[in-house]
Amino acid sequence: FHCHHVNEEMFLILEGSGVVRIGEREHAIRKGDVIAAPAGGRASAHQIINTGTETMRYLSVSTRVPVDACEYPDSGKVSIVAGNGGSTKLWKMFRAETTVDYYDREKK
């Protein structure tokens, strides 16, 4: 369950069935459904869950903007990514509550 602040995602369900969580709501999904996951805050957080009896397969497409911030509301994590396509230059994941002051550890 996550949301991107920059990248957009889209999913096409190829096989199976389940639910998609979007924000506070769940929606049934099945073969042929298309799910749009726009960039945004916690209200756009999304997760696909297989609740069916067969394997679920889906095609995922993303804008893959090279700099993105992603939140994980269920676990209170944040990730920051710079670079993509095998050339990731920075990828850090941390707990949201571990923020520090802008000048922390800076020489004065």
## Note on the structure
Output for pair (Glu15 CD, Arg30 CZ), nearest 0.5 Å, gives 15.5 Å
### Query
Between the side chain of Arg95 and the main-chain N/O of Ser75, is any donor-acceptor distance below 3.5 Å?
yes
### Message
Determine whether a donor-acceptor pair (N or O, by modelled atom type, separation under 3.5 Å) exists between the side chain of His46 and the backbone of His2.
### Response
yes
### Query
Of the non-hydrogen atoms in Ile13 and Ile35, which two are nearest, and what is the gap between them?
CD1-CD1, 4.0 Å
### Query
In Å, rounded to the nearest 0.5 Å, how long is the span from OG of Ser17 to CG of Asn50?
6.5 Å
### Query
Within a radius of less than 6.0 Å around CD of Glu97, do more than 12 heavy atoms belonging to other residues, nucleotides or ligands occur?
yes
#### Entry: Donor-acceptor under 3.5 Å (Asp104 side chain, Asp101 main chain)
no
### Exercise: identify the closest heavy-atom pair between Ser79 and Met93
CB-CE, 3.8 Å
### Summary
Correct closest heavy-atom pair for Gly18 and Thr51 would be CA-OG1, 3.1 Å
### Query
Are Val78 and Val100 joined in one hydrophobic group, where the rule is that I, L, V, M, F, W and Y side chains link up if heavy atoms are under 4.5 Å apart?
no
### Message
A quick test of your reading: do over 12 heavy atoms of other residues, nucleotides or ligands sit less than 6.0 Å from CZ of Phe11?
### Response
yes
### Query
Within the distance-only criterion (no hydrogens, no angle test), does the side chain of Asp68 pair as donor or acceptor with the backbone N or O of Val81 below 3.5 angstrom?
no
### Message
Please give me the minimum heavy-atom distance between Met56 and Ile29, naming the atom from each residue.
### Response
CE-CD1, 4.0 Å
## Note on the structure
Minimal heavy-atom distance between Leu12 and Gly32, with the atoms involved, is CD1-O, 4.0 Å
### Hphob cluster co-occupancy, Tyr72 + Ile22, side-chain heavy atoms under 4.5 angstrom
no
### Task
Locate the shortest heavy-atom distance separating Cys3 from Arg42; write the atom from each residue and the value.
SG-N, 3.9 Å
### Query
Do Val34 and Val61 belong together in a cluster built from hydrophobic side chains that touch within less than 4.5 Å?
yes
### Task
Calculate, to the nearest 0.5 Å, the distance between atoms CD1 and CD belonging to Ile48 and Glu9 respectively.
8.5 Å
## Note on the structure
Interatomic distance, OG@Ser62 vs CD@Glu8, rounded to 0.5 Å, equals 8.5 Å
